[in-house]
Amino acid sequence: MDKAINGCHYQMTEIFDNIRKLYRFAHPCPELADYIEFFSESSAEETYQYAGDNRFIIKMFPSWTPTCYINLGQPYRLSVGATQYQIQPSTDVLILRNNIVERHNLPTDHIFTIKFFPGGLEAILGINQAQFSDQVVRLEAVLPASLINRVKQLADFSERVQLLQNFFLSQYKKKNTNAYYVDVVQKAIGIYGTGNLEFTSSQLANELSTTNKTIYRYFTRIIGTTPKQYFSTVRARTALSAYVTDKKQFSPYDHGYYDMSHFYKDVVQFTGKKLIESVR
């Protein structure tokens with residue numbers, strides 16, 4: 001994590017810094033585990049330990065994972081790509097995370113987060129995530145305002161998680177006409193994620209006994225991007241995490257790159273910076 005800049009803030013960057021240490025986490029129940037990655041909430045103690053009384057920035061890279069932020073604390077600023085949004089204490093939002101995102105927080109940051117897997121919104125709520133690219137959406141467009149208010153009124157993290165899980169389970173049990181498309185996309189993601197980082201869309205289509213054209217159509221419909229773009233993001237995240245963890249043992253060939261130069265170029269495209277500028 002960077003030291004305070006001009007005495008005013010710290011910066012933490014996903015992958016390069018362990019941003020998770022600022023939060024409490026809970027995993028969803030088994031019925032929702034394929035669609036929700038986690039619930040989390042800011043930890044005042046951990047935040048103070050690492051940021052003190054300073055403003056701080058959390059930088060996150062693209063992941064195509066719909067993420068809900070329920071604000072339980074003070075205002076903050078959200079940068080999505082080149083656009084900035086001022087988020088008030090009464091404002092709760094959803095972002096797709098298809099671009100680089102930065103949260104500019106006060107020391108009193110207190111946010112409850114729901115992070116969905118790609119296609120998770122559609123599987124549970126029947127809401128297509130593709131429409132949310134490059135936007136900050138009021139959360140009331142996705143979740144009932146009454147539910148959000150109840151979440152805010154609860155005093156305990158575990159109670160908030162239980163309330164939301166019960167709601168999501170009640171919605172998930174309803175018929176979802178697009179469940180088949182979500183299932184195919186998630187199977188493709190699963191195949192790619194289990195060590196097949198060199199697979200092309202055509203190879204994935206063969207694994208799923210379908211066509212390249214069908215895979216393309218399902219990804220653009222469910223996630224909002226092409227298979228090539230999505231898997232390029234997955235590969236960059238996976239490879240960069242491996243590089244940061246152990247530079248000496250890192251091999252670009254293990255992640256489907258031709259050589260280190262190919263990997264370096266992908267890092268620039270993914271993070272917006274050269275690797276030497278990112279590694280501290």
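Note that the coordinates shown come from a computational prediction; the quantities given were computed from them, not determined experimentally. Residue numbers run from 1 in the order of the sequence given.
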Establish, from distance only, whether the side-chain atoms of Gln162 and Asn166 form a donor-acceptor pair under 3.5 Å.
-> yes

Verify whether one side chain among Thr238 and Ser241 offers a donor that lies under 3.5 Å from an acceptor in the other.
-> no

Aromatic ring pairing Tyr180/Tyr218, orientation class (parallel under 30°, perpendicular over 60°, tilted between) | perpendicular

Does a donor on one side chain and an acceptor on the other come within less than 3.5 Å for Thr47 and Asp109?
-> no

Charged N to carboxylate O under 4.0 angstrom, Asp156 versus Arg160?
-> no

Hey, are the side chains of Phe270 and Thr233 touching, using non-hydrogen atoms and a 4.5 Å cut-off?
-> yes

How about Phe168 and Phe116: are their ring centroids closer than 6.0 Å?
-> yes

Are Tyr258 and Tyr253 near enough that their ring centres are under 6.0 Å apart?
-> no

No-hydrogen, no-angle side-chain donor-acceptor test under 3.5 Å, Arg77 and Gln84 = yes

Answer yes if the ring centres of Phe231 and Phe219 are under 6.0 angstrom apart, and no otherwise.
-> yes

Is there side-chain contact between Ile100 and Val80, with heavy atoms separated by less than 4.5 Å?
-> no

Asn105 and Arg103: side chain donor to acceptor below 3.5 Å = yes

Taking C-beta and beyond as the side chain, do Phe16 and Leu240 meet within less than 4.5 Å on heavy atoms?
-> yes

Counting only heavy atoms not in Arg237, do more than 12 fall under 6.0 Å of its CZ?
-> yes

Salt bridge check: are Glu14 and Arg97 linked by an N-O gap of less than 4.0 Å?
-> yes

Do Tyr10 and Phe56 have ring centres separated by under 6.0 Å?
-> no

Does the distance from a Lys or Arg side-chain N to an Asp or Glu carboxylate O, for Lys115 and Glu37, drop under 4.0 Å?
-> yes

Would Asp92 and Tyr69 count as having a side-chain donor-acceptor pair, cut-off 3.5 Å?
-> no

Do Phe117 and Ile36 touch side chain to side chain, with heavy atoms closer than 4.5 Å?
-> no

Does the ring center of Tyr230 lie less than 6.0 Å from the ring center of Tyr192?
-> no

Tell me whether the centres of the aromatic rings in Tyr243 and Phe263 are closer together than 6.0 Å.
-> yes

